[in-house]
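The structure appears below as structure tokens.
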Amino acid sequence: MGDIKKGEKSVFEAKCPECCELMANMGLDFESPKKDDLKKWEHLKSLYSVGITFHSCGCSGPGYIPNSKEAIIQYFEEIKSTYLKNMEFWRNRVEPSTKKEIERDANKNWYELGRISSNYKKEIVLNQEGLDYWHEKVKKIEEKLSLIN
């Protein structure tokens, strides 16, 4: 959040008017459930714990928000599945060794290579770099899944 007067970044802490504890910043698109709807509040706590909030630029809303614990798990399992498919690319890719192979690889696999290195046209991106990148992303998803379970 920017400070209107000085243009400096500032931290805004909001306290609950009832219990005086710090409130979570759920975003401008957040609509709070009724106070006594403990199931919805527990679900919101789960969403927040894994980094899902209601922030957006205001144009199209915050995107997909899972509406149950099972939906959160399914959402992250689908992401994990995509990451594992990306790891398969790096397991099966033959690393180029000649200048011509590097050029062919850069033209054919530019999307995957560009995720790992912005300098993929000039240097060889090793398969291990790709595997490490996707392994780290899978690990983060598994941490989020363990928070939900």
Side-chain angles (χ1 to χ4, degrees), residues 1-4 7-96 102 105-149:
M1 176 178 284
D3 186 355
I4 296 171
E8 297 175 0
K9 291 200 174 201
S10 65
V11 177
F12 177 72
E13 293 180 349
K15 292 189 177 185
C16 173
E18 290 189 16
C19 69
C20 295
E21 293 290 323
L22 288 178
M23 294 193 297
N25 181 357
M26 293 299 286
L28 293 175
D29 296 319
F30 174 70
E31 293 180 19
S32 63
K34 292 182 179 182
K35 201 174 3 176
D36 59 347
D37 193 343
L38 299 179
K39 185 176 179 182
K40 284 187 181 177
W41 281 109
E42 192 61 36
H43 177 65
L44 288 169
K45 183 178 177 183
S46 295
L47 289 173
Y48 186 75
S49 73
V50 294
I52 298 174
T53 59
F54 297 81
H55 290 92
S56 73
C57 66
C59 298
S60 59
Y64 174 67
I65 304 286
N67 60 4
S68 67
K69 182 178 177 179
E70 293 76 24
I72 296 172
I73 292 169
Q74 180 182 355
Y75 174 70
F76 283 125
E77 288 291 349
E78 287 171 7
I79 292 172
K80 181 180 169 183
S81 173
T82 301
Y83 292 172
L84 292 172
K85 286 178 187 173
N86 288 321
M87 286 182 82
E88 278 303 307
F89 167 82
W90 292 100
R91 282 191 192 103
N92 296 325
R93 174 178 169 254
V94 176
E95 288 181 5
I102 293 169
D105 189 46
N107 289 331
K108 181 181 176 187
N109 300 317
W110 61 271
Y111 184 72
E112 292 297 331
L113 297 170
R115 289 176 168 186
I116 309 306
S117 170
S118 59
N119 201 21
Y120 68 90
K121 289 186 178 182
K122 295 181 181 176
E123 64 184 22
I124 296 175
V125 180
L126 301 176
N127 288 353
Q128 191 59 50
E129 292 176 86
L131 288 169
D132 291 345
Y133 174 83
W134 290 108
H135 177 72
E136 193 60 37
K137 292 188 84 69
V138 167
K139 192 169 136 183
K140 288 180 182 176
I141 290 292
E142 286 175 344
E143 287 171 7
K144 290 182 179 191
L145 282 167
S146 69
L147 286 172
I148 295 298
N149 292 329

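Note that the coordinates shown come from a computational prediction; the quantities given were computed from them, not determined experimentally.
In the displayed structure, Tyr75 atom OH is contacted under 6.0 Å by at most 12 heavy atoms of other residues, nucleotides or ligands. Counted within 6.0 Å of CH2 on Trp110, heavy atoms from surrounding residues, nucleotides or ligands total 12 or fewer; the atom is thus considered open. In the displayed structure, Leu84 atom CG is contacted under 6.0 Å by more than 12 heavy atoms of other residues, nucleotides or ligands.
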**Message:** Run the side-chain contact (heavy atoms from CB on, under 4.5 Å) test on Tyr120 and Asp105 for me, step by step, so that the C-alpha distance in whole Å, both residues' side-chain angles and the decisive distance to 0.1 Å come before the verdict.
**Reply:** CA-CA 9 Å; Tyr120 68 90; Asp105 189 46; over 6 Å; no
**Asked** Can you list the steps and then say if Arg115 with Asn86 is a side-chain contact (heavy atoms from CB on, under 4.5 Å)?
**Response** CA-CA 11 Å; Arg115 289 176 168 186; Asn86 288 321; 3.2 Å; yes
**Request:** Evaluate the side-chain contact (heavy atoms from CB on, under 4.5 Å) criterion for residues Met87 and His135: first the C-alpha distance (whole Å), next the side-chain angles of each, then the deciding distance (0.1 Å), finally the verdict.
**Result:** CA-CA 8 Å; Met87 286 182 82; His135 177 72; 4.1 Å; yes
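Leu38 is not listed as a side-chain neighbour of Glu42, based on a closest heavy-atom distance of 4.5 Å or more. Here the side chains of Ile52 and Phe76 are in contact, with some heavy-atom distance below 4.5 Å. Lys140 is not listed as a side-chain neighbour of Ile79, based on a closest heavy-atom distance of 4.5 Å or more. Between Phe54 and Asn25, the closest side-chain pair of non-hydrogen atoms is not below 4.5 Å.
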Side-chain polar contacts of residues 61-72 - donor-acceptor pairs under 3.5 angstrom, sequence neighbours left out - could you list them?
unit_1	atom_1	unit_2	atom_2	d
Ser68	OG	Ala71	N	3.1
Lys69	NZ	Ile148	O	3.4

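The CD atom of Glu136 sits 11.5 Å away from atom OH of Tyr83, with the distance rounded to the nearest 0.5 Å. Between the CG atom of Leu131 and the CZ atom of Arg93 there is a distance of 10.0 Å, given to the nearest 0.5 Å. From Trp90, atom CH2 reaches atom CD1 of Ile116 across 5.0 Å, with rounding to the nearest 0.5 Å. Atoms CD1 and OG1, on Ile141 and Thr82 in that order, are 9.5 Å from each other to the nearest 0.5 Å. To the nearest 0.5 Å, atom CD1 of residue Ile124 and atom CD of residue Glu95 are 7.5 Å apart. To the nearest 0.5 angstrom, Leu113 atom CG is 10.0 Å from Glu123 atom CD.
A pairwise comparison of heavy atoms in Leu147 and Ser49 identifies CD1-O, 3.4 Å as the closest pair. Scanning all heavy atoms of the two residues, the minimum distance from Glu112 to Trp134 falls at OE1-NE1, 4.3 Å. Contact detail for Ile102 and Lys121: the closest heavy-atom pair is CG2-O, 4.4 Å.
Salt-bridge annotation for Glu142 and Lys80: present, with a side-chain N of the basic residue lying under 4.0 Å from a carboxylate O of the acidic one.
Side-chain atoms of Asn92 come within 3.5 Å of backbone N or O of Glu88 as a donor-acceptor pair. Checking side-chain atoms of Lys144 against main-chain N and O of Val50 turns up a donor-acceptor pair under 3.5 Å.
The side chain to side chain donor-acceptor pair (under 3.5 Å) search around Thr53 returns His55, not counting sequence neighbours.
For the residue pair Ser117/Glu129, the side-chain donor-acceptor check at 3.5 Å is not satisfied.
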